[in-house]
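In what follows, every heavy atom counts, from backbone to side chain, and hydrogens, waters and symmetry copies are set aside. One-based numbering, in listed order, for ligands and for the atoms of each.
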Amino acid sequence: MSQTLRNDRFLRALRREPVDCTPVWLMRQAGRYLPEYRATRAKAGSFMAMATNPELACEVTLQPLERFELDAAILFSDILTIPDAMGLGLHFVDGEGPKFERPVRDAAAIAKLGVPDMETELRYVMDAVRVIRRELDGRVPLIGFSGSPWTLACYMVEGGGSKDFARIKAMAHNDPEALHALLEVNTRSVIAYLAAQRAAGAQALQVFDTWGGVLSPAMYREFSLPYLERIARELERGEGTERTPLIVFGKGNAAYLGELAGIGAEGVGVDWLIDLGDAARVTGGRVALQGNLDPTTLYGSPDAIRREVRRALDSYRDGNGGSREGHVFNLGHGMSPGMDPEHVRVLVDEVHAYSRR
Ligand code: CP3
């Protein structure tokens, strides 16, 4: 497991160490925009058939790395594996996204939930991590991930995606104790899940707080931020250059970057609604920053993509005292199915070429 990494730019950037150029990976880099992904998915039959088969999960994890000079791989899985293992019955409805057969809507249902066993109920995830590490063979580091307690709770209470998060917000107002009990079991599960992925070979970890930004500031500070902090503080990750870095990504987290820089995570993922230079000024070198190109930039022409890549790189450098250190280039959120793979190549190559100068 301790084979030497041939490309450790991503881990160096998370430690805010000097790099030859800015590392880049893309959230949802393995996905439907790639024809080879669609072929593997057709062969598997469904998303979950692919995610629960370690060889197929490995195959799709590596697909974007075969095409582009990406500096990290991310485990192919989903954040909803934890609630599925808790017994909520995950399934995907075509065109509608994820759904749960048995959502949790009251204190009684929440009281029945327990932390899943990582090496039995979620063994397929750990097996995928082990197979991917073996097949990566030290090319680039492997990122493991989880949803945040709040973001998982959104799907568990709503029963799927939501536009207004009416059910979970009603619970926050009417039965905050029940919601805190749910966030508590989710937090213990996320910590166990990330620890197990680390033990299986994940070399960095990311928590997706995709829906933190739908909360008012007071509610964010009650229902999301403290649980993110507990994960960052309680998750055992080692010391020094051996330490497994943790990145906390949040959509709509611009107002909280100063606080997020102090929770104990090594990296903070930023969406595209804030200038990266301003984000760097607010966080003041306390963490590495990951981001933050508007994903829809990939619908632009190659020239537009190069221009926006340069703008983000320069903005970070200006806000970071003239240095590119501590920046992991990424989108501000995930890729979409309609994006052109050739535009991804333009993005990745421009990040490296421009930041190398
Ligand atoms: O980044 C990567 O390449 C790794 C894989 C990854 C997936 N989901 C694969 C996936 C990661 C990191 C996730 C996380 C995830 N899943 C999040 C948090 C990040 C984010 O994007 O906000 C959320 C909210 C989910 C829940 C989820 N799973 C949604 C909303 C969907 C889309 C449903 C749809 O039909 O569009 C999924 C399914 C899913 N997860 C797909 C992929 C590639 C598409 C499923 C398919 O191939 O049919």
Looking only at heavy atoms of T151, does any of them come nearer than 4.0 Å to an atom of ligand 1? no
Just checking, any donor-acceptor pair under 3.5 angstrom between side chains of T244 and R198? yes
Among all the protein's non-hydrogen atoms, which is closest to atom 11 (C) of ligand 1, and how far away is it? F145 CZ, 3.6 Å
Ligand 1 atoms in contact with F92 (distance to a heavy atom under 4.0 Å): 28 (N), 37 (C), 38 (C)
Just to verify, which of R286, R15, R237 counts as forming a salt bridge (charged side-chain N to carboxylate O under 4.0 Å, His left out) with E266? R237
Is the closest N or O pair between Y155 and ligand 1 shorter than 3.5 Å? no
Please write down residue, atom name and distance for the protein heavy atom closest to atom 46 (C) of ligand 1. R41 NE, 3.1 Å
Nearest neighbour in protein (non-hydrogen) for atom 27 (C) of ligand 1: D78 OD1, 3.6 Å
Using a strict cut-off of less than 4.0 Å between a Lys/Arg side-chain nitrogen and an Asp/Glu carboxylate oxygen, indicate whether E59 and K43 qualify as a salt bridge. yes
So, do F76 and Y37 have ring centers that fall under 6.0 Å from each other? yes
Any idea which protein heavy atom is nearest atom 4 (C) of ligand 1, and the distance to it? L75 O, 3.5 Å
Within 4.0 Å of some non-hydrogen atom of Q29, the atoms of ligand 1 are 1 (O), 2 (C), 3 (O)
Is the distance from the ring center of W150 to that of Y227 below 6.0 Å? no
For the pair F249 and F208, name the ring-plane relationship: parallel under 30°, tilted 30 to 60°, perpendicular over 60°. perpendicular
Using 4.0 Å as the upper bound for N to carboxylate O, is an ion pair formed by R310 and D314? no
Parallel, tilted or perpendicular: rings of F223 and H180 (30°, 60°): parallel
Parallel under 30°, tilted from 30 to 60°, perpendicular over 60°: which one fits the rings of H327 and Y316? parallel
What do you reckon, is CD of E66 surrounded by more than 12 foreign heavy atoms closer than 6.0 Å? yes
Nearest neighbour in protein (non-hydrogen) for atom 23 (C) of ligand 1: I79 CD1, 3.4 Å
Any chance the side chains of Y193 and T81 put a donor and an acceptor closer than 3.5 Å? yes
Out of F208, Y37, F47, whose heavy atom sits nearest atom 47 (O) of ligand 1? Y37
Atoms of ligand 1 close to T210 [distance to a heavy atom under 4.0 angstrom, numbered from 1]: 18 (C), 19 (C), 20 (C), 22 (O)
Of the choices S148, G144, S77, G31, which has the non-hydrogen atom that lies closest to atom 9 (C) of ligand 1? S77
Can you list the ligand 1 atoms lying under 4.0 Å from a non-hydrogen atom of F76? 9 (C), 43 (C)
Any heavy atom of P98 closer to ligand 1 than 4.0 angstrom? yes
Options M27, M335, H333, ranked by nearest heavy atom to atom 21 (O) of ligand 1, top entry: H333
If you have a sec, work out which protein heavy atom is nearest atom 34 (C) of ligand 1 and how many Å separate them, to one decimal? R32 NH2, 3.4 Å
Winner among S146, G97, A30 once heavy atoms are compared against atom 33 (C) of ligand 1: G97
Give me the nearest non-hydrogen protein atom to atom 1 (O) of ligand 1 as residue plus atom name, then the distance to 0.1 Å. R28 N, 2.5 Å
